[in-house]
Number of protein chains: 2
Amino acid sequence: METMDKPLETLIVDSILDAIADQRLRAGTKLGEQALSDIFDCNRAHVRRALSMLTGWQVVDHLPNRGAYVATPTPQDARDVFQARRAIETTICRNAVRLADAQDLADLQAHLAAEDAARGQDNRPVAIRLSRGFHILLARIGRNPVLARYLDELTMRSSLIIGLYAQGHATLCAEDEHAGIVAAIAARDEGRALSLLDTHLRHIEAGIRFDDALPVTGALSAALRGR
Amino acid sequence: METMDKPLETLIVDSILDAIADQRLRAGTKLGEQALSDIFDCNRAHVRRALSMLTGWQVVDHLPNRGAYVATPTPQDARDVFQARRAIETTICRNAVRLADAQDLADLQAHLAAEDAARGQDNRPVAIRLSRGFHILLARIGRNPVLARYLDELTMRSSLIIGLYAQGHATLCAEDEHAGIVAAIAARDEGRALSLLDTHLRHIEAGIRFDDALPVTGALSAALRGR
DNA sequence: TTACCAGACATTGTTAACAATCTATAATCA
DNA sequence: TGATTATAGATTGTTAACAATGTCTGGTAA
């Protein structure tokens, strides 16, 4: 009889990761232990463990005696993250072209439709989540959990970077670029898929503007409660 | 006046990571909280934090109510890890070919000499460390800390895999293959460097034998004390 | 006004005691 | 003998109190 336990730390970590991915939690936000204990109605020790896990995800910086803060990527970090994404997503995409079955292709089409719908309704929060979700879905189809885990991390950091440096501009993946990649995968055209993906990632990176500064932010509980 | 603090958790984490990288700590070893507290002469809370960080490195599995264990990669994990290494080290190597300056090339030559010396003396522990160190050095020369960090993690997991599944066989990187890569980098021959690196990584992977089973192990304190 | 300092307040870090769970030993029964 | 179950010990999980550090306010003097 399985207990199907749901460790409390995992809930905290996932909530914060989701909030970062959705750009509800912005770079530089302080993650106070008391505040998080209140929000998740738990002991400070749990929060502490969760924060050290998030540090391992590289999306939280821990300053001794001063607390934990959502990481603030530098321009150099941004370049490195996007280069890493190109390296990893290239292999993921090659896997996807080879391994995608009928169900996977259907999932991709459904995802494109959902993205389209969200944009049609001007639903920005959902559009952000689906935009990231496309890359995550590709990683699942690639069937390499090691690479998928790294991509998870890199897309989190991408969210922080985009929220910091590309507020007005290319804040979302261009939808037609996603569609082109899906078409190439369905056609088993590896070369075209890889080329389109590389171009797509460079477009995202090109949308960031480092001269824009960072606005500080508050409202931790609102960012985490929301969904 | 800097305090140059050296957080205790960091010491514990680094010691265990080093022990794993050097194959002193083997897959499946139990990491008891009391045992580690004794070894590092510290509070159990520190050990607890260190273990949760190591979980983030994917080299420690945490079983609720049963403790922490050095991860035991499956054959599938092994395939995924090596594919990830090929993806990441390809980009790292491309960077290295472009960015290596005179000092970097000298460092590479010095490293090859050190590897040669260790082999000449049949100093297996040092040879293991240097074998991994070559790939880490390449990553430093590539100047992308994000990729370097992932390679750190992947080489750790490679150490566990090799210790588990390739005991007798290809337990070390072939030295001449490292030398060939260095020569290609020095000649700024990107194509040759990438090709040699890919072949090298496939050779390492080919050395693992999944039919061999895992021997359990003990001697935690000896593995960590040693150096 | 501005710079500096002292104190109160809030936050993080540390420790120990207690509770819950698991594991290994030994006794019981078929 | 072999399997099962109780019990004791060890290990992990949880909590609260206390200590150390950082931050902020208000006041003082140049």
Side-chain angles (χ1 to χ4, degrees), chain A residues 1-16 25 28-57 59-72 216-224, chain B residues 1-16 25 28-57 59-72 216-224:
Chain A
M1 227 41 81
E2 299 257 346
T3 43
M4 197 51 230
D5 60 304
K6 177 186 57 72
L8 189 45
E9 287 88 1
T10 304
L11 174 70
I12 302 176
V13 169
D14 289 348
S15 295
I16 292 179
L25 254 186
T29 306
K30 164 137 196 180
L31 301 172
E33 297 183 0
Q34 190 61 48
L36 290 171
S37 302
D38 293 344
I39 291 172
F40 292 99
D41 189 39
C42 67
N43 199 298
R44 251 181 63 213
H46 293 142
V47 170
R48 219 144 218 284
R49 269 172 72 83
L51 288 175
S52 83
M53 290 182 192
L54 288 164
T55 300
W57 276 76
V59 292
V60 166
D61 287 338
H62 183 85
L63 315 187
N65 287 318
R66 308 180 81 213
Y69 295 80
V70 178
T72 301
V216 278
T217 171
L220 207 176
S221 63
L224 290 175
Chain B
M1 221 48 75
E2 298 257 345
T3 43
M4 196 51 231
D5 60 306
K6 176 186 56 70
L8 191 44
E9 287 88 1
T10 304
L11 174 70
I12 303 176
V13 169
D14 290 348
S15 294
I16 293 179
L25 255 186
T29 307
K30 165 139 193 179
L31 300 172
E33 297 184 0
Q34 190 62 46
L36 290 171
S37 302
D38 292 346
I39 291 173
F40 292 99
D41 187 39
C42 66
N43 200 299
R44 251 180 64 214
H46 293 144
V47 170
R48 217 146 221 281
R49 268 172 72 85
L51 288 174
S52 83
M53 290 183 193
L54 287 164
T55 301
W57 276 76
V59 292
V60 165
D61 287 338
H62 183 86
L63 315 186
N65 286 320
R66 308 181 81 214
Y69 296 81
V70 177
T72 301
V216 276
T217 170
L220 206 177
S221 63
L224 289 176

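Note that the structure is a prediction, hence the values are computed from the model and not measured. Order of the sequence lines fixes the chain letters, A, B, ..., with proteins taken first and strands second; residue numbering starts at 1 for each chain.
Across the protein-nucleic acid pair, A:R48 atom CZ and D:dA16 atom P stand 16 Å apart, rounded to whole Å. Between the CG atom of B:D41 and the C1' atom of C:dT14 there is a distance of 14 Å, rounded to whole Å. Rounded to whole Å, the distance from CD on A:E33 to P on D:dA16 is 15 Å. A:Q34 places its CD atom 13 Å from the C1' atom of D:dA16, with the value rounded to the nearest Å. If you measure from atom CZ of B:R49 to atom C1' of C:dT12, you get 10 Å, rounded to the nearest angstrom. When the C1' atom of C:dG13 is taken as reference, atom CG of A:L63 falls 15 Å away, rounded to whole Å. Between the NE2 atom of B:H62 and the P atom of D:dT11 there is a distance of 16 Å, rounded to whole Å. Remark: C1' of D:dG13 and CD of A:E9 are 10 Å apart, rounded to the nearest angstrom.
For a distance-only test at 3.5 Å, the side chain of B:R44 qualifies as a donor-acceptor partner of the base of D:dG13.
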Could you check B:R49 against A:R49 for side chain to side chain contact (heavy atoms under 4.5 Å, CB included), going step by step and ending with a plain yes or no?
CA-CA 6 Å; B:R49 268 172 72 85; A:R49 269 172 72 83; 5.6 Å; no
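Among the heavy atoms of the strands lying under 4.0 Å from A:N43 is at least one base atom, whether or not backbone atoms are also near.
B:S37 contributes a side-chain N or O that, together with a main-chain N or O of B:E33, makes up a donor-acceptor pair within less than 3.5 Å.
In this structure, B:Y69 and B:L63 have side chains that are in contact, with non-hydrogen atoms separated by less than 4.5 Å.
Under 4.0 angstrom from either OP1 or OP2 of C:dT23 there lies at least one side-chain N or O belonging to B:R66. Listed pair A:K30 / D:dG22 fails the phosphate criterion, with no side-chain N or O lying under 4.0 Å from OP1 or OP2.
From A:D61, atom CG reaches atom OG1 of A:T72 across 7.0 Å, with rounding to the nearest 0.5 Å.
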